[in-house]
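Here the structure is laid out as structure tokens; the discussion comes afterwards.
Quick note: numbers below take in every heavy atom, side chains included, and nothing from hydrogens, waters or symmetry partners. Note that the coordinates shown come from a computational prediction; the quantities given were computed from them, not determined experimentally.
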Amino acid sequence: MILKIAANRKPTKKPLNEVLEAGNKLPQNASKSTLQDFVNTYFSKEGQELVQIELPNFNPSPSFLKKIKEPIIREFAKQVHNYCFVVPGGRFREIYYWDSYFVIEGLLVSEIYEIAKNMIENFLDLIEIYGFVPNGSRIYYLNRSQPPLLTQMVKIYYEATNDTSLLRKAFPTLLKEYNFWYKNNTISVHKKDKTYHLSHYDVYNFYPRPESFYEDYTTVELDSFNLTVKHELYSDIATAAESGWDFSSRWARNPYIKPPTNSSSNNFEILRTLNTRAVVPIELNSILYMNEITLSEFAKQVDDWKTVKETVNRLKKSAEERLEGMIELLWDSHTATFRDYNLTSNTQSKIFSLAAYFPFWARALPEELLTDSKNNYKSFSNVSYLLSKYKGCPPATEINSGLQWDFPNSWPPLIYAIIKGLLNSYHGYYSNSQNIEDPMFLDLALNISQRYVSSVLCAWYSTGGSIPELLTKLQGTTDVGHMFEKYSALETGVPGNGGEYQVQDGFGWTNGVLLWIMSNFGDKLEVPECINNQ
């Protein structure tokens with residue numbers, strides 16, 4: 001019998017060998033009370049790992065605040081700046097890989113350079129020890145990674161600080177990580193008498209994830225699967241966790257299985273159709289393309305040309321081949337969008353997701369978008385449509401599966417990718433022939449940025465946040481507003497829902513993306529109606 005007991009991430013009170021010995025003595029049919037007594041005896045309260053510290057050289061008034069036009073927006077930004085979360089927050093009390101890129105964007109805006117550098121150095125150490133960056137800094141994450149954004153963390157840190165010593169230190173380790181992904185996650189796809197080499201998430205795992213044991217056990221064991229299918233499903237579950245999109249209809253053989261009527265229940269039926277390893281995902285190949293280009297540029301900065309010539313040429317060739325494969329397999333010219341490629345059916349996925357905008361961030365685009373801004377803008381028509389349809393930010397997908405990386409949830413890293421792509425298009429970064437700043441892209445970027453700021457600020461305000469210094473009608477609240485990991489597309493200022501756990505607050509990437517947006521659009525952002533209508 002499997003019982004769900006709140007022992008998630010509790011630290012041990014006693015030596016590990018003593019805890020294991022006591023655990024091995026538990027009877028197979030132990031009652032819930034016996035198990036609870038065991039947990040209480042040998043484990044402490046979770047969450048004690050978080051320690052509040054004084055940040056070194058903390059600047060209470062970083063320069064980006066001066067650019068913010070509205071006093072209420074500026075004061076909100078200041079409170080978020082003073083409330084930095086380096087770990088994600090909520091149940092996620094350790095560093096997580098891809099979350100940290102967006103956290104670092106916020107730290108750089110806040111001019112907290114030393115902490116950003118320390119985070120990068122921690123990741124570099126993990127690569128030197130384990131050969132890759134694990135999903136997070138827990139032992140049970142050593143069988144998988146997450147979207148490999150460390151090279152981009154170093155890039156934005158270097159652009160902000162010109163710290164050449166870190167760049168020189170990081171470069172060989174970043175190459176190690178790149179080679180790890182190339183060796184372990186490259187897959188060959190044959191189409192039209194040609195073979196393309198792209199990447200997919202790929203984890204082999206034969207047991208429930210320790211951090212979600214009950215959920216995985218329920219998904220796999222409470223069905224009539226044979227042992228082979230169970231192992232495949234456990235692997236696809238862990239692979240979805242490696243993607244960071246855990247979980248989404250993107251990874252399902254049958255993405256249209258409706259969620260249970262009980263909204264608090266997970267959609268185990270759709271999870272039983274996961275086929276994650278057979279999906280060639282848009283965002284992973286976009287990130288690796290970015291890394292190939294970035295590393296080739298880094299190489300020329302850290303050493304002389306004769307020494308790095310071979311490395312640069314290899315990286316550029318890999319980037320060219322990857323781009324060719326992305327255009328052939330992932331680009332849908334009929335709908336002007338990128339789509340995942342399914343290796344089981346050898347076709348593009350019919351599901352539109354916001355992963356479609358990672359190539360615009362990465363500048364990994366077909367020629368028809370590089371030379372014509374109108375064609376480029378057409379690819380963002382889905383964003384305009386979603387903004388017109390919903391009051392909040394665009395959802396990850398429009399499939400209402402009950403999984404958290406589907407409708408109606410809007411996620412900060414996806415909003416960031418869209419805005420980055422729009423800004424790249426606006427500034428004409430894609431082609432030497434396209435150097436005219438087209439206001440269409442900037443207007444849409446501002447529109448989605450305003451939606452994001454409004455959602456985050458309104459949710460913070462409705463859960464107790466206040467700015468009494470500026471607005472007397474906000475006085476008397478408890479000033480303990482919450483920043484959530486995700487938000488609803490249906491309404492402004494409503495946290496997201498669904499998936500295998502309750503919506504979490506904190507929250508690292510929400511804060512980071514918010515501050516980054518404010519640094520780019522602070523002079524144009526307006527106070528949302530949730531406050532103006534009070």
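Residues Phe123 and Tyr96 come closest through the heavy atom pair CZ-O, 4.1 Å.
A salt bridge is defined here as a Lys NZ or Arg NE, NH1 or NH2 lying under 4.0 Å from an Asp or Glu carboxylate O, and Glu269 with Arg253 fails to meet this definition. Between Glu18 and Lys13 no salt bridge is recorded (no basic side-chain N to carboxylate O distance below 4.0 Å).
Within a 6.0 Å sphere centred on NZ of Lys117, heavy atoms belonging to other residues, nucleotides or ligands number more than 12.
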Evaluate Ser454 against Gln450 for side-chain hydrogen bond (donor to acceptor under 3.5 Å, both in side chains), listing each step before the verdict. CA-CA 6 Å; Ser454 296; Gln450 180 67 61; 3.1 Å; yes

Could you check Phe58 against His81 for ring pair (Phe, Tyr, Trp, His ring centres under 6.0 Å), going step by step and ending with a plain yes or no? CA-CA 10 Å; Phe58 180 74; His81 165 68; 4.7 Å; yes

Apply salt bridge (Lys or Arg N to Asp or Glu O under 4.0 Å) to residues Glu211 and Arg138 and explain how you reach the verdict. CA-CA 10 Å; Glu211 75 276 17; Arg138 299 275 182 178; over 6 Å; no

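Lys230 and Tyr234 form no side-chain donor-acceptor contact under 3.5 Å, judged by distance and modelled atom types alone. Side-chain contact annotation: Glu105 with Tyr157, donor-acceptor N/O pair under 3.5 Å absent. At a cut-off of 3.5 Å, with distance as the only test, a side-chain donor of Arg322 or Ser199 sits close to an acceptor on the other residue.
Listed by chain and number, the residues in a side chain to side chain donor-acceptor pair (under 3.5 Å) with Ser401 are Asp406 (sequence neighbours excluded). In this view, Glu128 and Thr173, Lys176 satisfy the side chain to side chain donor-acceptor pair (under 3.5 Å) rule, not counting sequence neighbours. Thr347 pairs by the side chain to side chain donor-acceptor pair (under 3.5 Å) definition with Ser345, not counting sequence neighbours.
Judged by the 6.0 Å distance and 45° axis criteria, Lys14 is positioned over the aromatic ring of Tyr42. A cation-pi arrangement is absent between Arg339 and Trp331 under the rule of less than 6.0 angstrom and at most 45 degrees off the ring axis. Seen from the ring of Tyr141, Arg209 does not count as a face-on cation partner, given the 6.0 Å and 45° thresholds.
Between Val279 and His200 the shortest side-chain heavy-atom distance does not fall below 4.5 Å. Ile237 has its side chain within reach of Val220: a pair of non-hydrogen atoms, C-beta onward, lies under 4.5 Å apart.
Between Phe358 and Trp361, the ring planes lie tilted relative to each other; the angle falls in the 30° to 60° range. Ring planes of Tyr357 and Phe380: parallel class, angle under 30° (limits at 30 and 60°). Between Tyr182 and Tyr178, the angle of the ring planes lies from 30° to 60°, which puts this pair in the tilted group.
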